[in-house]
Participant: 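I am attaching a structure below and will ask some questions about it afterwards.
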Amino acid sequence: MLTNRLLRSLDYTLIGATLLLLAISLVMIGSATHINTASEDRYWYLQRQGLFALLNIVVLVVSLYWDYQQLARMAKGLYVVNLILLLAVMFVGHSALGAQRWIQIGPVSLQPSEFSKLIMIISLAQMLDERKDRLQTWRDLVPIFAYVGVPFLLVMKQPDLGTSLVFLAILFGMLYVAGINQRLLFSIFGAGVAAMPLFWHVLKDYQKQRLTVFIDPGADPLGSGYHIIQSKIAIGSGMLTGKGLFEGTQSQLKFLPENHTDFIFAVIGEELGFIGCLLVLTVFFVLIYRSLQIALGARDDFGCLLAAGIVSMLTFHVLVNVGMTAGIMPVTGIPLPFISYGVSSLTTNMLSIALLLNIYVRRQKLFF
Amino acid sequence: MLSKKFTYRFEILGLLVIAVFLALGTRLFYLQIVAGEHYKGLADGNRIRLTPIMAPRGIFYDKKGVALVTNRPGFAVSLQPSLAYSDGMLSQLAAMLGVPKQEILLRLERGKDSVEPIRIKADISPAMVTRIEERRHELPGVVIEIQPVRAYNYNELAAHVFGYVGEINERELAEAKDKNYRAGTLIGKMGLEKLYDQQLRGVDGGDRVEVDVAGRIVHDLGRREPIPGNNLMLTIDYELQVATEKAVDEHLAYIRAAGGSPNAYGASVVALDPRNGAVLAMVSRPAYNPNLFATGISVSEWKKINDNPYHPMDNKAIGGEYPPGSTFKIVTGLAALETGKVTPEEKIFDSGTHWLVPKGNADGEALGWLNFYDALAKSDNVYFYEMGNRLGIDLLEQYAREFGFGALTGINLPDEAEGLVASRKYKEKVYQEDWYLAETFDAAIGQGFQLATPLQVAVMMSSIANGGIRYQPYLIDRIVSDQGKEIQVFKPRELGRLPFKADYIKLVQQSLRGVALEGGTAAQLAKFPIPLAGKTGTAENSHGKDHGWFVCYAPFDNPEIVVVVMVEQGGYGTTAAVPIAQKVLETAFHIGPSSAPGAKSAVPAPAAAPKKYN
């Protein structure tokens, strides 16, 4: 029962971009999981992704009736829930691919680190909203860093380097628009670069390996370099127009690993070519650009910060994921928003869209 | 409001977003548009497997159709190119095949641009094929290729004519880049195998399949049948070749043991048809077994061949250069007759040494008054010194060249030697010295600077036998495709005609007949059932015992065969070479063995030997 006014005030560009990405997602997951070859469970991934897409659309519609500003009050509570979930992963979670990231709830395997990104955006938006005039000195930043630091370390411990890096992207994106002293910001970056060698020692072996093969994939062509090599071959061999849907030899003959999750962009590159890649990137760009517009037009700073955090998150995801498949970013295992298979990731992204729309429809005081 | 106060920060954030997308777009443009073809090639390399089917090499048949060189079925192990191999897998493969891992890595490195499998080991046993098939899943990328293995059915027989095949080396690969050779290809390395490699190798076929990451075949992309190489129909007579080799081996063993020639290991024999130049038999000693090379020779076997001081790999019949010795008197004599320096009737007195230069016969004998016939039949040195004296070195050189000395005969074999004709020019060039009369004397009797290959001497004898036509010697009658189609037919090729009056050639023939009669230097052949003509010779050898020559043709009236025998360090031609030629002729004319066993019967005891002249 959407009212006419609500319907009229929706951001259809954002909705269109989102739906387009979901459609691309379903087609590409179908291709990557070989639904064109006979096997009993060939529709499994497609069905789950489709089902969760629909569920999330319903959640999105319903959530529009509810004002995002209430989230500011819930922020601290969500923060605590987030910590509990991340701790739960440590104790009752199960691991896959060398990392303990999932907890099982009924038939669904949840990845709390995905949700923690959105919760981080909400808690940080609330915190920065309160402290936006006090971001001038190191001392001002200590509580903020501590606040982000706890979930950051928990995620890093899983280990999920990719997601913890997303935290940093969110943190600095939001700090920037919240008005952090620019000289202070540059000092932090300087210190960060200086601390790189120390950071290296904190990394797990496989993470070091990934960074090594990022520099030189030939160093371990069968092991950790394999993903990068095969992914680049897949994308490159797609050339201008691609090999055609279901026709990507790298993907269909399984030379490309993780082709329905982290490396789905390589399937797009191989089967749909440069044209397909440009289309997908354009849709992402439109979506992110609209999100930035929403941030600028938000009714209050809380909404503005929320939208800015989402912009940071999505941009970083696209950069790192597409960059990884194209061989210009290290393999960190973070998914391509909306398109990679994964219900936790999909839900997080759809909730982000829901938030953006919520902020957008409430952009004018006279509304409601 | 932050959006009002820090609008520029949102704009900068927007610019950052734009930069990110531009960077990604640029990278994709590079991967897909700029380097797209490269990656397409890599993707095809991933999925397309080519299992070559090697074409069998052309077969060698003797003139009567006996298959001398064929192929037998075999298997080879190769690795798919452009795959990355784990260290563990390579170690396992190395251990299974007994090939050092270093070697495998080297081969992979060399074949890294190849699209076809990289050969690791040729000719593995069927048991090894089974072992590898059982471990298929542990050995991804390993290919068993069906590979015909070259089979020299009679081992060392005519090894120097056939040559051998071996894996192409880096230099050959670089030279033949455009001819579709790949690393690991077998290529002819010597003899006919080398010269006719392009004809013999045929065209490899192959199975092309599409595979998935686990190596399972997804699609069959089609097979191309191999086209077998073309067959060579040789002029070689298998039966004669066998008899010749046997005669050489037996006689060399005999003279080493009992003939006072302990170092007689090197020898060569050429049998030609004087009517066209076709080679009927060609032998060089010592020999090697080309089968050893067909599957990769072991280090110890190679060392054995390499360390042999008598050079088993050299074809001495075409590559060995020796002073032609007294066989050269044919040239000197004809030149003197033709230029009128001597008449057939003129008698010259041999007092033991020549009156200008104190040189004489080998044992210092004096044969008295001699006409042309006697001088050639008895191989008198003083007479031919005088012929040299009268001709001068320049005429001698000119006529020697008319016989083809100092130039390649052009036989269809690689690595032929030119020999050397004694001349002022040569001496000047090499020694920067003037010519001396004594050197003309040496040249006149085939010593000194003169050098000839046994094949050149055979060509000379052929043109005497057939009345003056110099034919190019050849080994192949025709090349025939696997389907029986004639690809190339070799016709006798005339290289020239001897510039001598028929009467003079006839006189030389008569004199050579005299050589093989009582009183001649090959008198042991006087009773041979087929009348023949010949000439012995002894080539001075400063490094050891002299080399023995014998050249002959038969039947005398209507020559069908020329035989040239050269025995290194065998001493006089009469004892070292004549008995071998006799055996060859016996086989050629199907004459039963002449009494007593082996070659011994033909060799008179040293005490009863006829007078030896060179």
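Chain letters run A, B, ... following the sequence lines, proteins first and then strands; every chain starts at 1. In this text the structure is predicted, and so the values were computed from the model without any measurement.
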Participant: Less than 4.5 Å to any heavy atom of chain B: does that hold for the side chain of Phe302(A), its backbone, both, or neither?
Facilitator: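 Interface part for Phe302(A): neither.
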Participant: Where do Leu281(A) and Phe21(B) come nearest, in terms of heavy atoms and distance?
Facilitator: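 Taking Leu281(A) first and Phe21(B) second, the nearest heavy atoms are O-CE2, 3.2 Å.
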Participant: Measuring from atom CD of Gln230(A) to atom CG of Asn46(B), what distance do you get when rounded to the nearest 0.5 angstrom?
Facilitator: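 One finds 4.5 Å between CD of Gln230(A) and CG of Asn46(B).
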Participant: Under 4.5 Å from any heavy atom of chain A, what part of Leu16(B) do you find: side chain, backbone, both or neither?
Facilitator: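 For Leu16(B), there is no contact with chain A at all, as no heavy atom is under 4.5 Å.
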Participant: Can you tell me which portion of Leu128(A) sits under 4.5 Å from chain B's heavy atoms? Options are side chain, backbone, both or neither.
Facilitator: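 The answer is neither part of Leu128(A).
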Participant: With a 4.5 angstrom heavy-atom cut-off, could you sort out which part of Ile288(A) is near chain B: side chain, backbone, both or neither?
Facilitator: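 Side chain of Ile288(A) only, per the 4.5 Å heavy-atom cut-off to chain B.
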Participant: Could you look at Glu37(B) and say if it's the side chain, the backbone, both or neither that has a heavy atom under 4.5 Å from chain A?
Facilitator: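 Both the backbone and the side chain of Glu37(B) come within 4.5 Å of chain A.
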Participant: Show, in sequence, the C-alpha distance, side-chain angles and deciding distance for Leu240(A) and Ile33(B), and conclude whether the side-chain contact (heavy atoms from CB on, under 4.5 Å) test is met.
Facilitator: CA-CA 6 Å; Leu240(A) 181 64; Ile33(B) 308 298; 3.7 Å; yes
Participant: Which one wins on heavy-atom pair count under 4.5 Å against chain A: Glu210(B), Arg27(B), Lys40(B)?
Facilitator: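 Most heavy-atom pairs under 4.5 Å with chain A: Arg27(B).
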Participant: Measure the spacing between CG of Leu296(A) and CG of Leu2(B) and express it to the nearest 0.5 Å.
Facilitator: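 Going from the CG atom of Leu296(A) to the CG atom of Leu2(B) covers 10.5 Å.
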Participant: Could you please spell out the steps behind the side-chain contact (heavy atoms from CB on, under 4.5 Å) verdict for Ile180(A) and Arg9(B)?
Facilitator: CA-CA 10 Å; Ile180(A) 186 176; Arg9(B) 293 204 177 189; 3.8 Å; yes
Participant: Return the option, out of Leu28(B), Val20(B), Val211(B), with the maximum number of heavy-atom pairs under 4.5 Å with chain A.
Facilitator: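 Going by pairs under 4.5 Å, I would pick Leu28(B).
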Participant: With a 4.5 angstrom heavy-atom cut-off, which part of Arg47(B) approaches chain A: side chain, backbone, both or neither?
Facilitator: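 Contact with chain A is through both the backbone and side chain of Arg47(B).
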Participant: Which answer fits Phe10(B), side chain, backbone, both or neither, if we ask what part of it has an atom under 4.5 Å from a heavy atom of chain A?
Facilitator: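 Phe10(B) touches chain A through backbone and side-chain heavy atoms alike.
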Participant: Only heavy atoms, only distances under 4.5 angstrom. Which residues in residues 168-177 of chain A are near chain B?
Facilitator: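 Only Leu175(A), Tyr176(A), Val177(A) of residues 168-177 of chain A have a heavy atom under 4.5 Å from chain B.
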Participant: Taking all non-hydrogen atoms of both residues, which atom of Ile328(A) and which atom of Leu24(B) are closest, and how far apart?
Facilitator: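 Looking at all heavy atoms of both residues, the shortest contact is CD1-CD2, 4.2 Å.
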Participant: Please find the pair of heavy atoms, one from Thr249(A) and one from Ala43(B), that lie closest to each other, and give the distance.
Facilitator: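 Heavy atoms of Thr249(A) and Ala43(B) come nearest at OG1-CB, 4.3 Å.
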Participant: How long is the gap from CE on Met1(B) to NZ on Lys132(A), to the nearest 0.5 Å?
Facilitator: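 Atom-to-atom, Met1(B):CE and Lys132(A):NZ are 8.0 Å apart.
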Participant: Write down the atom of Ile235(A), the atom of Gln32(B), and the distance for their closest heavy-atom approach.
Facilitator: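 Shortest heavy-atom separation between Ile235(A) and Gln32(B) comes out as O-NE2, 3.0 Å.
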Participant: Can you tell which part of Phe29(B) gets under 4.5 Å to a heavy atom of chain A, answering side chain, backbone, both or neither?
Facilitator: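 Contact with chain A: backbone and side chain both.
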